[in-house]
Amino acid sequence: QVPLVESGGGLVQPGGSLTLSCTSSRSTFSLATIGWYHQPPGKQRELVANIDSSGVTNLREFVKGRFTISRDNAKNTVFLQMSDLKPEDTAVYYCNVYLKWEYDDWGQGTQVTVSS
């Protein structure tokens, strides 16, 4: 397990925006699939979005049109741009960096709270 550095969480009003970032020190980061997961209070962790090594993205239906996932391989960083945030987006957000047969790294989580 190699530490991931997550940042960008916080408190935001409904309709607001936040951008989460996650930086890895893996030398093969560009080959990895990166995912953002969230864990709402009292619920299980679930996938929000992911992006593979080719840049193909997958977003869950409940964030389509509101969230964007992107990566900057030169900086070993992945971003989750969140807009039109809703109270139900309140959760701890986790970054995952996965390369089959090699590693499966998780971040420590960053809290996002959407409340007026």
Side-chain angles (χ1 to χ4, degrees):
Q1 179 86 3
V2 170
L4 299 176
V5 178
E6 298 176 0
S7 63
L11 173 64
V12 63
Q13 291 187 342
S17 300
L18 282 174
T19 297
L20 307 182
S21 64
C22 170
T23 300
S24 168
S25 60
R26 293 287 189 184
S27 61
T28 52
F29 176 86
S30 64
L31 303 179
T33 293
I34 318 299
W36 282 100
Y37 292 72
H38 75 185
Q39 186 165 13
K43 297 184 178 181
Q44 291 190 334
R45 190 179 302 186
E46 63 178 349
L47 178 69
V48 175
N50 60 20
I51 182 167
D52 70 12
S53 59
S54 300
V56 176
T57 62
N58 169 49
L59 289 95
R60 298 291 302 281
E61 196 63 35
F62 57 85
V63 300
K64 280 184 178 178
R66 300 189 298 122
F67 290 13
T68 301
I69 186 170
S70 61
R71 65 193 297 166
D72 183 343
N73 289 333
K75 297 181 179 179
N76 275 23
T77 299
V78 62
F79 303 95
L80 185 68
Q81 295 173 276
M82 306 184 293
S83 61
D84 190 23
L85 283 159
K86 306 174 185 296
E88 51 265 40
D89 295 319
T90 294
V92 179
Y93 283 73
Y94 297 91
C95 176
N96 172 250
V97 178
Y98 172 77
L99 184 60
K100 192 176 183 180
W101 309 120
E102 297 292 331
Y103 49 80
D104 186 9
D105 298 333
W106 287 89
Q108 79 284 0
T110 185
Q111 177 69 47
V112 171
T113 302
V114 184
S115 175
S116 55

Got a donor-acceptor contact below 3.5 angstrom from the Arg60 side chain to the Leu47 backbone? yes
Between Met82 and Val112, does a side-chain contact (heavy atoms from CB on, under 4.5 Å) hold up when you go through it step by step? CA-CA 10 Å; Met82 306 184 293; Val112 171; 3.9 Å; yes
If you compare all heavy atoms of Thr90 against all heavy atoms of Pro41, which two are closest, and at what distance to 0.1 Å? O-CD, 3.5 Å
First locate atom CG of Leu99, then atom OG1 of Thr33, and finally report the distance between them rounded to the nearest 0.5 Å. 8.0 Å
Are Phe62 and Leu85 connected in the hydrophobic side-chain network, where two residues link if heavy atoms are under 4.5 Å apart? yes
Asp84 side chain to Gly16 main-chain N or O, any donor-acceptor pair under 3.5 Å? no
dist Asn58:CG -> Lys64:NZ (nearest 0.5 Å) comes out at 7.5 Å
For Glu88, does the CD atom sit with more than 12 other heavy atoms under 6.0 Å from it, leaving out its own atoms? yes
Would the distance check show the side chain of Asp72 and the main-chain N or O of Thr77 forming a donor-acceptor pair, the cut-off being under 3.5 Å? no
State, to 0.1 Å, how close Arg71 and Asp52 come at their nearest heavy-atom pair, and which atoms those are. NH1-O, 2.9 Å
Closest non-hydrogen atoms of Leu80 and Ala49, given as atom of the first, atom of the second and distance, are CD1-CB, 4.3 Å
For the student: nearest non-hydrogen atoms of Ser53 and Ser30, plus distance: CB-O, 3.3 Å
Say you draw a straight line from CZ of Phe29 to SG of Cys22; how long is it, rounded to the nearest 0.5 Å? 7.0 Å
Rounded to the nearest 0.5 Å, how far does OG1 of Thr57 lie from CG of Asn50? 8.5 Å
Linked, directly or transitively: Leu4 and Leu31 (ILVMFWY side chains, under 4.5 Å): yes
Shared hydrophobic cluster for Leu20 and Phe79 (ILVMFWY, side-chain gaps under 4.5 Å): no
Would Phe67 and His38 count as a ring pair (Phe, Tyr, Trp, His ring centres under 6.0 Å) here? Give the steps. CA-CA 13 Å; Phe67 290 13; His38 75 185; 8.1 Å; no
Distance-minimising heavy-atom pair for Val78 and Cys95: CG1-SG, 3.9 Å
Using every non-hydrogen atom in the two residues, find where Glu6 and Tyr93 come nearest and quote the distance to one decimal. OE1-O, 3.3 Å
Which is it for Leu11 and Ser115 under the side-chain contact (heavy atoms from CB on, under 4.5 Å) test, yes or no, and what are the steps along the way? CA-CA 7 Å; Leu11 173 64; Ser115 175; 4.2 Å; yes
Please round to the nearest 0.5 Å and tell me the distance separating atom CZ of Arg26 and atom OH of Tyr103. 6.0 Å
Output, in order, the C-alpha distance, side-chain angles, deciding distance and verdict of side-chain contact (heavy atoms from CB on, under 4.5 Å) for Lys100 and Tyr98. CA-CA 6 Å; Lys100 192 176 183 180; Tyr98 172 77; 3.6 Å; yes
Would you kindly say whether Gln111 and Thr113 are connected by a side-chain donor-acceptor distance under 3.5 Å? yes
